[in-house]
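Reading through the structure tokens given below for one structure.
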Amino acid sequence: MSLENVRLSQPARDRLIRLKRTTGITQWNVLCRWALALSLKDPSTPLVKDIVTDSNVEMTWKTFAGQHGDIYLALLKQRCVTDGEDPTDENVAKALTVHLHRGIGYLGGHKELTVIEGLVGSVAA
């Protein structure tokens, strides 16, 4: 498990397809960034389960994080520390996968998040 490539599960891919259609946001990476931010905002520890990243959605870390890669990496490392984990490469990659999938679940589960304004409000609140 590494941060070089970000992969999604089939259920996460399916939710993102619906979100792309309802929000008008066409880029996987943009929706994934929102999902990560939404999950990291939640102070609870995600229910850790094995996430099978079996979909055909895969992007490089650079594509996922864009010009703010250092910030996303720092947020993930801080979250590892907050959750009592050493911020090793493996733990950071696992945190990314778990938080990304939880965030996609959050995005897909809120009716007010079907428009961009709802996305902004959910993270900013």
Side-chain angles (χ1 to χ4, degrees):
M1 189 177 283
S2 74
L3 280 181
E4 291 177 21
N5 291 303
V6 178
R7 296 198 65 201
L8 298 177
S9 67
Q10 190 64 39
R13 177 190 173 274
D14 295 344
R15 279 199 167 142
L16 286 177
I17 288 172
R18 284 191 295 277
L19 284 165
K20 285 171 72 170
R21 188 174 37 248
T22 57
T23 63
I25 297 172
T26 60
Q27 301 297 317
W28 299 108
N29 59 331
V30 172
L31 287 169
C32 287
R33 290 175 194 165
W34 281 104
L36 179 62
L38 193 56
S39 181
L40 290 174
K41 178 184 168 196
D42 183 340
S44 70
T45 302
L47 296 174
V48 179
K49 59 181 180 181
D50 290 327
I51 297 172
V52 179
T53 54
D54 57 350
S55 79
N56 63 354
V57 177
E58 182 175 353
M59 64 194 94
T60 66
W61 170 257
K62 184 174 178 162
T63 298
F64 168 80
Q67 65 184 1
H68 303 294
D70 291 343
I71 294 170
Y72 288 113
L73 183 58
L75 288 170
L76 286 164
K77 285 181 177 183
Q78 180 58 47
R79 186 57 188 249
C80 284
V81 171
T82 299
D83 291 346
E85 300 284 337
D86 290 329
T88 62
D89 290 347
E90 184 177 346
N91 286 342
V92 169
K94 182 177 179 183
L96 172 63
T97 300
V98 170
H99 281 282
L100 181 56
H101 282 80
R102 177 170 80 167
I104 291 169
Y106 286 172
L107 287 177
H110 294 292
K111 295 200 184 305
E112 68 273 9
L113 299 183
T114 60
V115 293
I116 292 173
E117 293 81 6
L119 287 173
V120 173
S122 68
V123 177

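Just so we're clear, the structure is a prediction, and the values are computed from it rather than from any experiment.
Side-chain N or O atoms of R7 include one that pairs as donor or acceptor with a backbone N or O of S55 at under 3.5 Å.
Remark: Y106 OH to H99 NE2 distance equals 9.0 Å, nearest 0.5 Å. One finds the CG atom of L40 at 9.5 Å from the CG atom of L100 (value rounded to the nearest 0.5 Å). Remark: H101 NE2 to S39 OG distance equals 11.5 Å, nearest 0.5 Å. With rounding to the nearest 0.5 angstrom, the OG1 atom of T45 is 7.5 Å from the CZ atom of R102. To the nearest 0.5 Å, atoms OG1 (T63) and CD (Q27) are separated by 10.0 Å. To the nearest 0.5 Å, atoms CD (E85) and CG (N91) are separated by 5.0 Å.
Atom CG of N56 has more than 12 heavy atoms from other residues, nucleotides or ligands within 6.0 Å. Within 6.0 Å of atom NZ in K77, 12 or fewer heavy atoms from other residues, nucleotides or ligands are found, so the atom counts as exposed in its surroundings.
Closest approach of P87 and C80 over heavy atoms only: CA-CB, 4.1 Å. For the pair V52 and S9, the tightest heavy-atom approach, listed with the atom from each and the gap, is O-CB, 3.1 Å.
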*Worked verdict on L8 versus I104 for side chain to side chain contact (heavy atoms under 4.5 Å, CB included)*: CA-CA 10 Å; L8 298 177; I104 291 169; 3.9 Å; yes
*Steps toward side chain to side chain contact (heavy atoms under 4.5 Å, CB included) verdict (L19, W28)*: CA-CA 10 Å; L19 284 165; W28 299 108; over 6 Å; no
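For T88 and D86, the side-chain atoms include no donor-acceptor pair closer than 3.5 Å.
At a threshold of 4.5 Å between non-hydrogen side-chain atoms, the residues L96 and L36 count as touching. Side-chain contact between K20 and L31 is present, with at least one heavy-atom pair separated by less than 4.5 Å.
With hydrophobic clusters built from ILVMFWY side chains whose heavy atoms lie under 4.5 angstrom apart, V81 does not share a cluster with L73.
Every salt bridge (charged side-chain N to carboxylate O under 4.0 Å, His left out) that D83 has, sequence neighbours left out, goes to R79.
Aromatic ring pairs are classed by plane angle as parallel below 30°, tilted from 30° to 60° and perpendicular above 60°; the pair Y72 and H68 is perpendicular.
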